[in-house]
**Q** 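Structure provided below as structure tokens; questions to follow.
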Amino acid sequence: MPMRKTFLEGLLHRPLTDPPPALDDPELAELGRKLDAAARRRLGRSLAIREVDAGSCNGCELEIHALNNAFHDLERFGLRFVASPRHADVLLVTGPVTRNMREALERTWRATPDPKWVVAVGDCALDGGLFAGGYACVGGVSAVVPVDLHIRGCPPMPAQLLKGLLTLLAPP
Amino acid sequence: MRGEADTRCRPWPRRAVDAPAWEAAAERLAEGQGTLLALWGEVGGVHMAVLDEAAAPGIEVLSLACPDGRFPSVGRVHAPAIRPERAMRDLFGLEPVGLPDPRPWLDHGRWGVAAPLSATPSARAAPDAAPAYPVLPVEGEDLHEVPVGPVHAGIIEPGHFRFTCDGETVVRLEERLGYVHKGIEERMRGADLDRAARLAARTSGDSTVAYGIAFARAAEAALGVAPPPRAVWLRALMAELERLANHLGDVGAICNDASFALMHAHCGILRERVLRAAMTCFGHRLMMDRVVPGGVACNLDAAGAAALRALVAEIAARFPRLADLYDRTASLLDRTVGTGIVRPDLARRFGAGGHVGRASGRAFDSRRALGGYPPYDALRFEVPVLEEGDVNARVWIRIREIEQSLALIGQILDRLPDGPVRVPLSPAAGEACEGLALAESFRGEVLVWLRLDAEGRVARCHLRDPSWFQWPLLEAAIEDNIIADFPLCNKSFNCSYSGHDL
């Protein structure tokens, strides 16, 4: 009967979900203002996100995963992860972009229908981070596809990721 | 084994051997004597670490100079060496003579340079289109191929899987990895210890504490420095939190891949609790860069210890019911029992560590083996081992290890010594030195071999993820299973792409 108990407990307990983060980061707000208002109107308040690991150490992926747990509950904001770039409005790209992943990233970007946004996640995705300058990395997502928003951190915490993603939805 | 013992490598000496002795060592591995722990190259030579728990000192490092850039292939007789040797050829231009697989491994023809770690890397045009990579031929009626990746449907790392199927049944899986090759070992060259430790900590983010410990222990062994006792215990505390978080995440994710989302949701809550406690106590959810050569870069106060005790109490109260739920849900067990079997002889031959090895009868755990490393030599814990080798066994190993980690955290909190947490490391007195260390990550033992130059900078560092000897077993595990069970099998292994690709 562990299943019934677990369900009942879930009904009787208060939700674990954190309150939505305050969008008080001036840097993000500034980026938000620059986002294409037309695209924002067309995409509305629901975004489909396709995650692309372009050479991350997998730390960013762990925290992106955490967005789906009961505490962060990404879907309450109309944000959800999708299985194909063809279904996506947003590409969430991590890693210093290894040369071995460059083409896959470009092709994923081309497969994503317009209008679309690219969000680069993590310090590596900004400029290659610790891995910049070597033979194996391009060094930063913006060197390969146009980036609309950077979310910094190594890795960024789920709350920071949420803030960044909600910037896309906030009215300009 | 004849050869001059090089005592600069600590704590296990490295021995220079000639080609016949190298070949004899390969033959012994092929006969099942000892386990290949690592195989790596450097400019002008190759090294092999062999584990033999029956013989002192337990680990032997053999080195073969190859001034002409060639060495006798170990992979010719011992399959686990094939991928490491392909990688050595790609990175150093060293030719493993007799290696049965002529194809590159990490080098996808995109670097603009050949043999980037050799003394004379040669420039090469990086083509826009992918150079052809022939997958192994499969012949037979009614077979079809399913290419998957490198970009997958879930939030996972990139790699390519080529399935050959007969109807739904997979008759062969071939992996192609290397997509997240960041050139970490090249970035290490010339780095000071601080920077090198940060690079090591980003080899595989989910094992950042284990990599931190392995790298720090290798550096400390090389320099002959002992970290303070409190730091050693705090490292173990963080390592067990990391194991707990990963195993909780995996148990949930494996069930999720069998469409049992309830487990995923509840395990996700417990995992998040661990990460939040780590944030409270150590200032980083994944505890990245908290282990440093010479000790740790954080401390634990009374409030932190209380938070960890509360965490242990909560998981100890909630997790048994989840394990019970797993065990009593027939529709879930129907997916996991008998699925993706790794035969014990394969696990032994490949020296698979972690839950992959221990679910298939291989009891090796570097916290315990060869006397163990501190503080585990002073702690009580069991290493669970099963023989079935299926997805279910790999789930149960994790469940048992979660219980063990909870008990270990309690013991560590009870006995945490006082004192400083970090000692300064000064470069060796004007001479190069080497260290080798193992640290048990949640997926198996991480090995780090490190050579420091006279100024204390990294001359060469090799980081060997446990995934190197687990990935090939996934190819074997999926054979004769239906393709729809691949995500389940893959998650039950949870190999690191980044740790493998380096």
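All heavy atoms count here, side chains included; hydrogens, waters and symmetry mates do not. In what follows, chains are A, B, ... by sequence order, proteins preceding strands, each numbered from 1. Just so it is clear, the structure is predicted and the values come from calculations on it, not from any experiment.
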**Q** Within the structure provided, determine whether A:Asp53 and B:Tyr179 are in side-chain contact (heavy-atom separation under 4.5 Å).
**A**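 A:Asp53 vs B:Tyr179: side chains apart.
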
**Q** Which bit of A:Thr6 comes within less than 4.5 Å of chain B, counting heavy atoms only: side chain, backbone, both or neither?
**A**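 Both backbone and side chain.
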
**Q** Taking it one step at a time, do A:Lys5 and B:Asp324 satisfy salt bridge (Lys or Arg N to Asp or Glu O under 4.0 Å)?
**A** CA-CA 11 Å; A:Lys5 266 191 192 162; B:Asp324 194 31; over 6 Å; no

**Q** Do A:Pro155 and B:Arg285 come close enough that some side-chain heavy atom pair is under 4.5 Å?
**A**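 SC-SC contact between A:Pro155 and B:Arg285 ruled out.
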
**Q** Checking heavy atoms, do the side chain of A:Arg50, its backbone, both or neither come under 4.5 Å from chain B?
**A**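 Looking at A:Arg50, just its side chain touches chain B.
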
**Q** For the candidates A:Leu16, A:Val138, A:Asn58, which exhibits the highest count of non-hydrogen atom pairs separated by less than 4.5 Å from chain B?
**A**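 If we count pairs closer than 4.5 Å to chain B, A:Asn58 comes out on top.
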
**Q** Determine whether the aromatic ring centres of A:Tyr135 and B:His181 lie less than 6.0 Å apart.
**A**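 They qualify: ring centres under 6.0 Å apart.
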
**Q** Looking at B:Pro116, B:Ala245, B:Gly252, B:Ser207, which has the largest count of heavy-atom pairs under 4.5 Å with chain A?
**A**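 The option with the most such pairs is B:Pro116.
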
**Q** Find the distance between CD (B:Glu272) and NE2 (A:His65) and round it off to the nearest 0.5 Å.
**A**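 Those atoms lie 13.5 Å apart.
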
**Q** Quick check on B:Arg187 against chain A: is it the side chain, the backbone, both or neither that has a heavy atom closer than 4.5 Å?
**A**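 Looking at B:Arg187, just its side chain touches chain A.
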
**Q** Is A:Asn100 close to chain B through its backbone or its side chain, or both, or neither, when contacts mean heavy atoms under 4.5 Å?
**A**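 It is both, since atoms from each part get that close.
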
**Q** Please indicate whether A:Arg86 has more than 12 foreign heavy atoms, meaning atoms of other residues, nucleotides or ligands, lying under 6.0 Å from its CZ.
**A**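 Atom CZ in A:Arg86 is not crowded, with 12 or fewer foreign heavy atoms closer than 6.0 Å.
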
**Q** Around atom CZ of A:Arg80, are there more than 12 heavy atoms of other residues, nucleotides or ligands at under 6.0 Å?
**A**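 Not more than 12 within 6.0 Å, no.
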
**Q** Which one wins on heavy-atom pair count under 4.5 Å against chain A: B:Arg202, B:Glu186, B:Arg195, B:Lys182?
**A**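 When all of B:Arg202, B:Glu186, B:Arg195, B:Lys182 are compared, B:Lys182 has the most.
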
**Q** Given a strict heavy-atom distance threshold of 4.5 Å, which part of B:Met263 is in contact with chain A: side chain, backbone, both, or neither?
**A**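 B:Met263 has no heavy atom closer than 4.5 Å to chain A.
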
**Q** Roughly how far apart are B:Glu157 CD and A:Cys60 SG, rounded to 0.5 Å?
**A**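 The SG atom of A:Cys60 is 11.0 Å from CD of B:Glu157, to the nearest 0.5 Å.
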
